[in-house]
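What follows is a single structure, written as structure tokens, with notes after it.
Bear in mind that the values here come from a model prediction, so they are computed numbers and not experimental data. Lettering follows sequence order; numbering is per chain, from 1. Just so you know, these numbers use all the heavy atoms, side chains as well, and skip hydrogens, waters and symmetry mates.
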Number of protein chains: 2
Amino acid sequence: MGLRERKKEKTRLAILDAALDLFLEQGYESTTVEQIAGAVDISPRTFFRYFTSKDHLVLWFHDHGEGLMMETMRSRPQGEPPFTALMHAVRAVLSDMEGSTEDEHRRFLKLRRVLDENPQLIGQSVARGAGTERRLAELVAARRGTDADSDQLSHLIVAFAMSAMRVGFECPRRDGGMPEITGRMAETIELAERSLRPGWDL
Amino acid sequence: MGLRERKKEKTRLAILDAALDLFLEQGYESTTVEQIAGAVDISPRTFFRYFTSKDHLVLWFHDHGEGLMMETMRSRPQGEPPFTALMHAVRAVLSDMEGSTEDEHRRFLKLRRVLDENPQLIGQSVARGAGTERRLAELVAARRGTDADSDQLSHLIVAFAMSAMRVGFECPRRDGGMPEITGRMAETIELAERSLRPGWDL
DNA sequence: ATGACTTATGGCACACTATGACAGAAAAGT
DNA sequence: ACTTTTCTGTCATAGTGTGCCATAAGTCAT
């Protein structure tokens, strides 16, 4: 990795950290892009070259998670029931979280607090999920040998899986640490698996 | 109902219709508030008194549906299992759709086409759903005698119910009429009910 | 009807987000 | 060192959304 890329990555994280701190200090709405840019000493124009929008800051982690899920889904055996494969994908995100660095943990916990204090943002995050669900539904439909456009069950399978993930993410108490959060997420996943009829997703 | 209120309602619908037509003609992004206001001969400033934002136009129906669901939930017997009550609420939205006027049907079908051509908007709609889910989860937790903050199952129950509703709404073919859409939605609801283990939501 | 009261509207100014165009600086490859 | 590519800042501009104030329209007395 060249100097250029390293520098870019550093800037990107600096923006992210500065933004999260500002959001926690003075709220999301009342923080302007100009302030964020000022805090890391770049021009506002440059901010938009790193993040396509102010919202995008908050969706950063979501995008990372989606990539991971898509990857996992493709690597699971084709014969595996789709919901099972999806649950593996969700667990992959979970273990990625567990395996990340101290810095990333801090960033993640900050993000969580920001989301908690600005509920409209979790809406944004969920909105991003709509696209994710469509892409996952394509993969599920392929597994089931159906057409994603017309097969409602494929969509339902994905929707249920993402529901479990979302509930697991939002539900844990706000003040807990990383192990508590991942623990609760794991519980929710099991809860979802237990709630469904065996073979419902074939 | 006085002249004032009737006039307001008329303006509101005029704005909505003009906006949907413009969105279909030239796309959501490339339609400005100024154009919409111009089409119904009001000032842009007034537009924002009827709809808090451009997005709000699209969320109009969602808000109506949420009101209906909350109402239905409160009117169902407290002893009824929460998921069953939620499914009744979803069906209430469905029969409201079936029972509405020709004009409302046309409006609804237009909205559906707009959503289909501008996927980022269905994100917006789903985002609004995040708030809805939280409010519904409160009602479900009350039924189950638990605290919504800590009870993951309450959230999961609501999330599953809303998933069924969303899939039913989005999945039907785009060119179908109203009866086809409601029919497909009913199918999805039954599919969801069949997928879950009896008694999972107690 | 006339007047007083309330509410809706329009116009203006303004803050903020976001994007396009262009020129200069920094890094990469040769 | 030279060229090419990529990143950056400056400037200009479009569009959304809000506060404020004067005016117009609807409402309700007498």
Side-chain angles (χ1 to χ4, degrees), chain A residues 1-16 18-23 25-60 63 114 118-121 123-125 127-128, chain B residues 1-23 25-60 63 114 118-121 123-125 127-128 131:
Chain A
M1 213 205 270
L3 167 61
R4 194 167 237 154
E5 283 178 75
R6 265 180 292 131
K7 201 174 170 184
K8 250 187 116 166
E9 201 53 29
K10 226 178 76 185
T11 309
R12 166 162 275 129
L13 291 178
I15 296 176
L16 195 52
L20 289 176
D21 285 337
L22 284 170
F23 292 163
E25 272 173 46
Q26 37 177 317
Y28 179 79
E29 290 295 346
S30 26
T31 303
T32 69
V33 172
E34 200 178 349
Q35 287 177 307
I36 300 171
V40 284
D41 226 54
I42 57 169
S43 80
R45 186 66 185 86
T46 300
F47 169 90
F48 286 106
R49 293 197 175 97
Y50 280 91
F51 295 92
T52 57
S53 68
K54 203 172 132 184
D55 295 341
H56 191 195
L57 285 165
V58 167
L59 302 171
W60 189 238
D63 289 354
V114 173
N118 306 80
Q120 78 281 15
L121 287 181
Q124 296 293 327
S125 177
R128 193 76 146 213
Chain B
M1 212 203 268
L3 168 60
R4 193 170 233 153
E5 283 178 76
R6 265 180 294 133
K7 201 172 170 185
K8 254 188 113 164
E9 202 51 29
K10 226 178 76 184
T11 309
R12 167 164 273 128
L13 292 177
I15 296 175
L16 195 52
D17 283 332
L20 289 175
D21 285 337
L22 284 169
F23 291 163
E25 273 174 45
Q26 37 178 317
Y28 178 80
E29 291 294 346
S30 25
T31 301
T32 69
V33 172
E34 202 179 349
Q35 287 178 306
I36 300 171
V40 284
D41 225 55
I42 56 168
S43 79
R45 186 66 187 85
T46 300
F47 169 89
F48 285 107
R49 291 199 176 95
Y50 280 92
F51 295 92
T52 56
S53 69
K54 205 172 132 186
D55 295 341
H56 191 194
L57 285 165
V58 168
L59 302 172
W60 189 238
D63 289 354
V114 172
N118 304 81
Q120 78 279 16
L121 287 181
Q124 296 294 326
S125 177
R128 194 76 146 212

dT8(D) P sits how many Å from F47(A) CZ, rounded?
13 Å
Protein-nucleotide distance (R45(A), atom CZ; dA18(C), atom C1'), rounded to Å
8 Å
Atom pair distance, as rounded to whole Å: CD1 in I42(B) and C1' in dT23(D):
17 Å
Atom CZ of R12(B) and atom C1' of dA8(C): how far apart are they, to the nearest Å?
13 Å
N/O donor-acceptor pair, side chain R4(B) with base dT7(C), under 3.5 angstrom:
yes
Could you tell me whether Y50(B) contacts a base, only the sugar-phosphate backbone, or nothing, with contacts defined as non-hydrogen atoms closer than 4.0 Å?
sugar-phosphate
Roughly how many Å is it from NZ in K54(A) to P in dT16(D), rounded to a whole number?
18 Å
OP1 or OP2 of dG9(D) versus the side-chain N and O atoms of S43(A): is any pair under 4.0 Å?
yes
Write down the distance between CD (Q26(A)) and P (dC16(C)), rounded to a whole number of angstrom.
11 Å
Shortest non-hydrogen pair, E29(B) vs Q120(B), comes out as OE2-NE2, 3.7 Å
At less than 3.5 Å, do the side-chain atoms of R49(A) and the base atoms of dG9(D) form a donor-acceptor pair?
yes
Verify the contact: side-chain N or O of K8(B) to OP1 or OP2 of dA8(C), cut-off strictly under 4.0 Å; return yes or no.
yes
Establish, with yes or no, whether the OP1 or OP2 oxygen of dC16(C) is under 4.0 angstrom from a side-chain nitrogen or oxygen of T32(A).
no
If you define the side chain from C-beta out and look only at heavy atoms, does anything of E9(B) sit under 4.5 Å from R12(B)?
yes
Output the rounded distance in Å from NZ (K7(A)) to P (dT6(D)).
16 Å
Does T11(A) reach the side chain of V40(A), with side-chain heavy atoms less than 4.5 Å apart?
no
For dG26(D), does the base pair up with any side-chain atom of R6(B) as donor and acceptor (N or O, under 3.5 Å, distance only)?
no
Is it the case that the side chain of Q35(B) and the backbone of T32(B) share a donor-acceptor pair, with hydrogens and angles ignored and the cut-off at 3.5 Å?
yes
Rounding to an integer number of Å, can you tell me how far Q35(B) CD sits from dA14(D) P?
14 Å
Would you classify T31(A) as touching base, sugar-phosphate or nothing, given that sugar-phosphate means primed atoms plus P, OP1 and OP2, and contacts are heavy atoms under 4.0 Å?
sugar-phosphate
Nearest-nucleotide 5' precedence on DNA chain D, L3(B) against E29(B):
E29(B)
Closest nucleotide among dG9(D), dG17(D), dG11(C) to the S53(B) side chain
dG17(D)
Separation between CZ of R128(A) and CG of D55(A), rounded to the nearest 0.5 Å:
9.0 Å
